[in-house]
Chemist: 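Dropping the structure in here first, questions after.
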Amino acid sequence: MNTTKKELAVAALRNGTVIDHIPSTALFKVVKLLGIENVDTHVTIGNNLDSRLMGSKGIIKIADVFFPEETLNRIAIIAPGAVINIIRDFEVVEKHHVELPDEIVGIVRCGNPKCITNNEPMRTRFTVAHDRNSLTLRCNYCCKEVRSADVQLC
């Protein structure tokens, strides 16, 4: 082992989910979006880690938890480049990028104070507007648009 390198090693997962390539600025939004703060298994969260592709990134490792694909794809709202790794017996058995769903229900708050979703007990509903790569969402009720960088979670 080279003793001149100073790196922190994080224990490998036997089974679980690793969410990688999360922008550092979005890491804790992803934690909130997935409800990871309520998980009762081992969770490792790394933020502002060095990344050749991103400069800095965040990563989340959750032991013994496997999310449905539709839940993981919600991450694409705030971290469109995130990569999901499914680990079984210390091996990556599945790896895929998150995909933005066509419709987002009950996750994003509408920024229009006069929108019915801010004044009545109803779930928000957004559709992806314009180019899917721009991550602009349009409220189905008032047509207000919001960019992914400005998203506020419900």
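In what follows, every heavy atom counts, from backbone to side chain, and hydrogens, waters and symmetry copies are set aside.
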Chemist: Among Val18, Asp20, Val98, find the residue that satisfies the side chain to side chain contact (heavy atoms under 4.5 Å, CB included) test when tested with Ile84.
Modeler: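 Testing Ile84 for a side chain to side chain contact (heavy atoms under 4.5 Å, CB included) against Val18, Asp20, Val98 leaves exactly one candidate, Val98.
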Chemist: Show, in sequence, the C-alpha distance, side-chain angles and deciding distance for Asn15 and Phe66, and conclude whether the side-chain contact (heavy atoms from CB on, under 4.5 Å) test is met.
Modeler: CA-CA 9 Å; Asn15 295 299; Phe66 301 96; 4.1 Å; yes
Chemist: About how many Å separate CD1 of Ile75 and CD1 of Ile19, when rounded to the nearest 0.5 Å?
Modeler: 4.0 Å
Chemist: With the 4.5 Å side-chain cut-off for hydrophobic clustering, are Val65 and Val93 part of the same group?
Modeler: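 Linked, Val65 and Val93 end up in one cluster.
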Chemist: Indicate every side-chain donor-acceptor pair of residues 21-35 with a distance under 3.5 Å to a residue at least two apart or in another chain.
Modeler:
unit_1: Ser24; atom_1: OG; unit_2: Asn47; atom_2: OD1; d: 3.4
unit_1: Ser24; atom_1: OG; unit_2: Asn48; atom_2: N; d: 3.4
unit_1: Ser24; atom_1: OG; unit_2: Asn48; atom_2: OD1; d: 3.2
unit_1: Ser24; atom_1: OG; unit_2: Ser56; atom_2: OG; d: 3.2
unit_1: Ser24; atom_1: OG; unit_2: Lys57; atom_2: N; d: 3.4
unit_1: Ser24; atom_1: OG; unit_2: Lys57; atom_2: O; d: 3.4
unit_1: Lys29; atom_1: NZ; unit_2: Val151; atom_2: O; d: 3.1

Chemist: Just jot down the salt bridge (Lys or Arg N to Asp or Glu O under 4.0 Å) partners of Arg74, sequence neighbours excluded, or say none.
Modeler: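 Per chain and number, Arg74 pairs via salt bridge (Lys or Arg N to Asp or Glu O under 4.0 Å) with no residue.
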Chemist: Give a yes or no on whether His96 atom NE2 has more than 12 heavy-atom contacts from other residues, nucleotides or ligands under 6.0 Å away.
Modeler: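 Atom NE2 in His96 is crowded, with more than 12 foreign heavy atoms closer than 6.0 Å.
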Chemist: If you round to the nearest 0.5 Å, how far is CG of Leu100 from CD1 of Ile104?
Modeler: 5.0 Å
Chemist: Apart from Met122 itself, which Ile, Leu, Val, Met, Phe, Trp or Tyr residues share its cluster (side-chain heavy atoms under 4.5 Å, direct or through members)?
Modeler: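 ILVMFWY cluster around Met122 also holds Ile116, Tyr141.
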Chemist: Who are the side-chain hydrogen bond (donor to acceptor under 3.5 Å, both in side chains) partners of Arg109, not counting sequence neighbours?
Modeler: none
Chemist: Quick one: does any side-chain atom of Asp89 pair with a main-chain N or O of Glu91 as donor and acceptor, under 3.5 Å?
Modeler: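 Between the backbone of Glu91 and the side chain of Asp89 there is no qualifying donor-acceptor contact (under 3.5 Å).
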Chemist: Between SG of Cys110 and NZ of Lys144, what distance do you get to the nearest 0.5 Å?
Modeler: 7.0 Å
Chemist: Out of curiosity, Glu103 CD to Asn140 CG, how far, rounded to the nearest 0.5 Å?
Modeler: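 The distance works out to 5.5 Å.
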Chemist: Give the cluster check for Ile78 versus Val83: same hydrophobic cluster or not, with ILVMFWY residues linked at side-chain heavy-atom distances below 4.5 Å.
Modeler: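 Different clusters.
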Chemist: Checking Val92 against Ile86 for the side-chain contact (heavy atoms from CB on, under 4.5 Å) test, could you report, in this order, the C-alpha distance in whole Å, the side-chain angles of both residues, the deciding distance, and whether it holds?
Modeler: CA-CA 6 Å; Val92 176; Ile86 304 300; over 6 Å; no
Chemist: Would you compute the distance between atom CD1 of Ile62 and atom OG1 of Thr44 and round it to the nearest 0.5 angstrom?
Modeler: 9.5 Å
Chemist: Compare every heavy atom of Cys142 with every heavy atom of Cys139, then report the nearest pair and how far apart it is.
Modeler: SG-N, 3.6 Å
Chemist: Group every Ile, Leu, Val, Met, Phe, Trp and Tyr by side-chain heavy-atom contacts under 4.5 Å, then state whether Leu49 and Ile36 land in the same group.
Modeler: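 No, Leu49 and Ile36 fall in different hydrophobic clusters.
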Chemist: Any side-chain heavy atom of Glu69 sitting closer than 4.5 Å to one from Leu72?
Modeler: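 A side-chain contact under 4.5 Å is absent here.
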Chemist: Determine, using the 4.5 Å side-chain heavy-atom cutoff (strictly less than), whether Ile59 and Val39 are members of one ILVMFWY cluster.
Modeler: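 Per the 4.5 Å side-chain linkage, Ile59 and Val39 are not co-clustered.
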Chemist: Going only through I, L, V, M, F, W and Y residues with side-chain contacts under 4.5 Å, is there a path from Val105 to Ile77?
Modeler: no
Chemist: Would you say the side-chain atoms of Thr41 pair up with the backbone N or O of Ala63, donor to acceptor, closer than 3.5 Å?
Modeler: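 Judged by distance alone, yes, a pair lies under 3.5 Å.
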Chemist: Tell me, please, which residues at least two apart from Pro121 pass side chain to side chain contact (heavy atoms under 4.5 Å, CB included).
Modeler: none
Chemist: Should we count CG of Asn119 as having more than 12 external heavy atoms under 6.0 Å?
Modeler: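 Yes.
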Chemist: If you round to the nearest 0.5 Å, how far is CD of Glu94 from OG1 of Thr17?
Modeler: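 The CD atom of Glu94 is 9.0 Å from OG1 of Thr17, to the nearest 0.5 Å.
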Chemist: Please list, chain by chain and in numerical order, all residues satisfying side-chain hydrogen bond (donor to acceptor under 3.5 Å, both in side chains) with Asp150, sequence neighbours excluded.
Modeler: Arg147
